[in-house]
There are 2 protein chains.
Amino acid sequence: MAAKANPVPSVWARQQSAPDQPALSRTAIVREAIVMLDADGIEALSMRKLGARLNAGATSLYRHVATKDELMELAVDEVAAEITVPPAEAARGGAGWRAAATEAAESFRATALRHPWLSAVLGQAGLAYLGPNLMAYSERLAALFTAAGFPEPSRAIDTLLSYAIGMSTTEAAWLTTVARSGETEADFIASLMPAAQQAAAGHDHLTDAYADAAVHAVLDPVAIRDAKFTYGLDVVLDGLAMRLPD
Amino acid sequence: MAAKANPVPSVWARQQSAPDQPALSRTAIVREAIVMLDADGIEALSMRKLGARLNAGATSLYRHVATKDELMELAVDEVAAEITVPPAEAARGGAGWRAAATEAAESFRATALRHPWLSAVLGQAGLAYLGPNLMAYSERLAALFTAAGFPEPSRAIDTLLSYAIGMSTTEAAWLTTVARSGETEADFIASLMPAAQQAAAGHDHLTDAYADAAVHAVLDPVAIRDAKFTYGLDVVLDGLAMRLPD
DNA sequence: TTGCGATGCGAACACTGTACGCAGCTGCGT
DNA sequence: ACGCAGCTGCGTACAGTGTTCGCATCGCAA
């Protein structure tokens, strides 16, 4: 071989080629899948495209991942690691639990909006996943709410999470629709208004609500969504506070 | 033709053939699609199978429905008609609004569980649909909550609906998973417990919670789910009650 | 009777997830 | 040093998907 005739330079050149292509591991596959999902949405992810992105054939992925569903499950668990929950100590003081719960819920929402495909997957598969990050997440929530003194912490958690999931799902789906339109959120609302108002014709409360909402939403849709989430979150936390002993 | 030689019997025979095959209309397509979705889940619905069910070729459907997404949108709106909302008058009295809101939320949940695919579709498309039944549904909710005296009825509605959506989505996805397993819900829980407990190993609160839940859930999972929904619903309604003037 | 618009459909296209069997590399036991 | 075993990547192939297009057919209007 030529390598034997002039070993030194060729060796260095060869060595380099492997490390910068990390060799198609399970974690590399999941990481790249998340990148694609974030960028182009859930229906843009195919095994062939993912393989191409990793300089690999489509079917090579199946050496590291049993099926596409399993890949999605891994992606969900990977992303679950981004959701933060304050440590249980934060809830020991009287009103500390409330700030902590708020922080947890807002972190959930932020993650769901950062990865809008998450809601779609949860809608199909639910929370039956048992990945390590999801388990750790549940554990931290349980610790927080027991420390807060809730007699039935899992009930309280389910309530709060249901609200967070419902609101975030709706919001993520909306943002996905907006993104697909190519317009800004405000422009999209504006161009949707005629159809919406026509559909609301004959429904008095709806036309009123749309007229109100349209004005504000076009100005600052992001602030409106934030306020909406905070309002409902406070409602839920008020209701939960009534379940606390003392 | 032979028909002319003996017109009467042949006419009657021919007339019958059309009416009992309602000729592939848009409403017939949507109706049959819902039947298939209810029976076999969202991924079992393909245009070819749906066409076959209607004694029609796959591509014939496209004369009445622009695309599969549009078909799903029509199916969602059709199913939305099943969700009941008490009339606004029910909320005029002091505590009447609470019973009415409870009824509305429970009807939502019941519909979502009767058509488990609904959650999956909402997770992908959100509530941006403008179908007549969905509009009527929103209108009735708005009427109810304004009659109840809420200063910001749409905020209250969004909160309640978010909770209902989140809880029902999780529940529907769970029931879908159970159904796919072929076991009863109690059996499925039992056969899932080993894996769950192993995954919870090292997480103290989780193992406790699982141990508790397992015993009760195996006995009567349906009652547990009902109670869970009711608990969270009461939490939300308590929080909303605090926003009512007086 | 002659059209004509609406309706159904077979074939085809570009794509999907995945099973299978073959090639090559790597590292181990001898 | 050698050979072999197993792991990894991949080309091919299959069954199935949503959707387009052009052709046939049918009922009704003129």
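Just so it is clear, the model here is predicted, and its values are computed rather than measured. Values below: all heavy atoms of this structure, side chains included; hydrogens, waters and symmetry mates excluded. By convention in this document, chain letters (A, B, ...) are assigned in the order of the sequence lines, proteins followed by strands, and residues within each chain are numbered from 1.
Each of B:Lys228, B:Arg225, B:Arg114 was compared with B:Glu171 under the salt bridge (Lys or Arg N to Asp or Glu O under 4.0 Å) criterion, and only B:Arg225 meets it. Screening A:Arg53, A:Lys49, A:Arg26 against A:Glu32 for a salt bridge (Lys or Arg N to Asp or Glu O under 4.0 Å) leaves a single residue, A:Arg53.
Atom-to-atom, CG of A:Leu54 to P of D:dG9 comes out at 10 Å; the value is rounded to the nearest Å. The nearest whole Å value for the distance from the CG atom in A:Leu24 to the P atom in D:dC10 is 7 Å. Atom CG in B:Leu61 sits roughly 13 Å away from atom P in D:dT20 (whole-Å rounding). Straight-line distance from the CD atom of B:Glu43 to the P atom of C:dT18: 12 Å, rounded to whole Å. In this structure, the NZ atom of A:Lys68 is 16 Å from the P atom of D:dT17, given to the nearest Å. We find that CG of B:Leu50 is positioned 13 Å from P of C:dG8, with the value rounded to whole Å. If you measure from atom CD1 of A:Ile42 to atom C1' of C:dG17, you get 15 Å, rounded to the nearest angstrom. Here D:dT19 presents its P atom at 10 Å from CD of B:Glu70, a figure rounded to the nearest Å.
Among the protein residues, B:Ala56 comes within range of the sugar-phosphate backbone only, with heavy atoms under 4.0 Å from sugar or phosphate atoms but none that close to a base.
In this model, the phosphate group of C:dG8 is approached by a side-chain N or O of B:His64 to a distance below 4.0 Å at OP1 or OP2. Side-chain N/O atoms of B:Ser46 include one lying less than 4.0 angstrom from OP1 or OP2 on D:dT17.
In A:Gln198, the CD atom is not crowded: 12 or fewer heavy atoms of neighbouring residues, nucleotides or ligands sit closer than 6.0 Å.
Aromatic ring centres of B:Tyr163 and B:Phe108: separated by at least 6.0 Å.
Distance from the side chain of A:Arg48 is smallest for C:dG17 among the nucleotides D:dT19, C:dC20, C:dG17. The listed nucleotides are C:dG8, D:dG18, D:dT8; the one nearest the side chain of B:Tyr62 is D:dG18. In this structure, the nucleotide among C:dT16, C:dG8, C:dT18 sitting nearest to the side chain of A:Lys49 is C:dT16.
The base of D:dG9 is not paired with the side chain of A:Thr59 by any donor and acceptor separated by under 3.5 Å.
Along DNA chain C, the nucleotide closest to A:Leu45 and the one closest to B:Arg63 are compared, and the more 5′ of them pairs with B:Arg63.
By the 4.0 Å N-to-carboxylate-O rule, B:Asp40 lies too far from B:Arg180 to be salt-bridged with it.
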